[in-house]
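Keep in mind that what you see is a predicted model, and the values were worked out from it rather than measured.
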Amino acid sequence: MRPLRQAEIAGLLADDAVAHLATLDPAGYPHITPIWFLWDGSAFRLTSRPGRPHVRRIHANPRVGLVVDRELDRRGGRRPNRQIRILGDAELATDHNGQWTARIREKYLRVDADPPPVDRTLITISPTVFLALAGS
């Protein structure tokens with residue numbers, strides 16, 4: 001493993017790779033949820049429907065992990081990849097008017113996206129640990 005270069009980090013964060021959000025249940029067991037995200041330069045922004053299990057777990061315990069990874073073309077029996085792993089505390093708020101939701105949907109769908117008809121929950125994660133690695 002080697003550290004990712006800044007251009008590789010920027011490329012992976014701008015890519016349409018799905019993130020994997022780890023939340024903790026009351027017994028301390030992790031739950032992993034695939035989820036779309038947007039990196040705003042200092043925090044990860046995700047949105048979800050209010051009341052979803054991962055939102056309830058964050059409300060009870062804001063400590064989360066997030067992994068964004070992309071496997072590159074396989075060559076010669078190798079599986080090179082790029083990955084960003086973060087730890088941090090998540091903050092919950094309402095995504096009024098779907099501002100963040102529309103920006104996230106635009107990133108993944110590559111079209112202007114109308115805001116959803118209901119307010120969604122905005123999940124903001126400011127990393128306290130940020131690891132960006134490349135595997136070969």
Side-chain angles (χ1 to χ4, degrees):
M1 302 289 286
R2 67 164 176 82
L4 289 181
R5 294 181 290 276
Q6 281 304 123
E8 292 173 311
I9 293 170
L12 183 53
L13 292 173
D15 194 9
D16 64 356
V18 174
H20 302 280
L21 173 67
T23 56
L24 298 172
D25 73 10
Y29 288 100
H31 289 261
I32 309 299
T33 303
I35 192 166
W36 290 353
F37 75 94
L38 186 69
W39 171 251
D40 72 4
S42 63
F44 288 88
R45 308 292 180 148
L46 311 86
T47 65
S48 190
R49 287 188 226 139
R52 297 286 301 174
H54 54 278
V55 173
R56 290 194 312 266
R57 288 190 293 269
I58 290 170
H59 183 72
N61 184 344
R63 294 171 45 192
V64 299
L66 192 74
V67 173
V68 179
D69 66 315
R70 176 68 79 191
E71 188 173 276
L72 307 174
D73 293 332
R74 297 177 188 184
R75 296 176 192 199
R78 302 178 89 189
R79 296 178 74 166
N81 64 73
R82 306 284 183 265
Q83 55 186 272
I84 295 171
R85 305 177 200 172
I86 70 111
L87 298 175
D89 290 329
E91 295 179 25
L92 300 174
T94 300
D95 184 24
H96 294 292
N97 301 318
Q99 294 174 343
W100 285 104
T101 300
R103 289 178 63 186
I104 292 167
R105 290 181 63 197
E106 185 177 330
K107 172 188 173 186
Y108 284 88
L109 300 176
R110 308 265 191 245
V111 296
D112 288 334
D114 292 327
V118 297
D119 285 336
R120 291 172 59 93
T121 299
L122 172 64
I123 304 165
T124 301
I125 308 168
S126 299
T128 55
V129 174
F130 190 109
L131 298 171
L133 305 167
S136 53

What are the two closest heavy atoms between I35 and L46, and how far apart are they? CG2-CD2, 3.2 Å
Under the ring pair (Phe, Tyr, Trp, His ring centres under 6.0 Å) test, residues paired with W39 that sit two or more places apart: F44, F130
Tell me the closest heavy-atom pair linking G65 and L87, and the distance in Å. CA-CD2, 4.0 Å
With hydrophobic residues grouped by side-chain heavy-atom distances under 4.5 Å, do W36 and I86 end up in a single group? yes
Starting from V67, can I reach I125 by hopping between I/L/V/M/F/W/Y residues whose side chains sit under 4.5 Å apart? no
Mind listing the closest non-hydrogen atom pair of A17 and L12 along with its distance? CB-CD1, 4.4 Å
Cluster question for you: counting only ILVMFWY and a side-chain heavy-atom cut-off of under 4.5 Å, with indirect links fine, are V64 and L24 together? no
From CA spacing to verdict: side chain to side chain contact (heavy atoms under 4.5 Å, CB included), D69, N81: CA-CA 7 Å; D69 66 315; N81 64 73; 5.8 Å; no
Tell me whether N97 contacts the main-chain N or O of Q99 through its side chain, where contact means a donor paired with an acceptor under 3.5 Å. no
Whether the side chain of K107 engages the backbone of A102 through a donor-acceptor N/O pair (distance < 3.5 Å, no angle test) should be reported. no
Could you walk me through whether R63 and D89 pass the side chain to side chain contact (heavy atoms under 4.5 Å, CB included) test, one step at a time? CA-CA 5 Å; R63 294 171 45 192; D89 290 329; 3.4 Å; yes
Check the pair L92, I123 against side chain to side chain contact (heavy atoms under 4.5 Å, CB included), reporting the backbone distance first and the verdict last. CA-CA 5 Å; L92 300 174; I123 304 165; 3.7 Å; yes
Determine the minimum heavy-atom distance between S126 and A43, stating which atoms define it. OG-CB, 3.8 Å
Distance col, row T121:OG1 vs R49:CZ, nearest 0.5 angstrom, shows 11.0 Å
Evaluate the criterion side chain to side chain contact (heavy atoms under 4.5 Å, CB included) for residue pair D25 and R57; output intermediate values, then yes/no. CA-CA 6 Å; D25 73 10; R57 288 190 293 269; 4.1 Å; yes
Without hydrogens or angle criteria, can the side chains of D95 and T101 be said to hold a donor-acceptor pair below 3.5 Å? yes
When you measure from the side chain of Y108 to the backbone of D15, do you find a donor-acceptor pair of N or O atoms at a distance under 3.5 Å? no
Within a 6.0 Å radius of atom NE2 on H31, are there more than 12 heavy atoms belonging to other residues, nucleotides or ligands? yes
Output the distance between atom CZ (R70) and atom CD (E8), rounded to the nearest 0.5 Å. 14.5 Å
Rounded to the nearest 0.5 Å, how far apart are CG of L109 and CD1 of I104? 11.0 Å
Any idea which heavy atoms bring A134 and R82 closest together, and the distance? CB-NH1, 3.7 Å
Backbone N/O of I58 and side chain of T23: donor-acceptor pair under 3.5 Å: no
Rounded to the nearest 0.5 angstrom, the CD1-CG distance for I84 and L131 is 10.0 Å
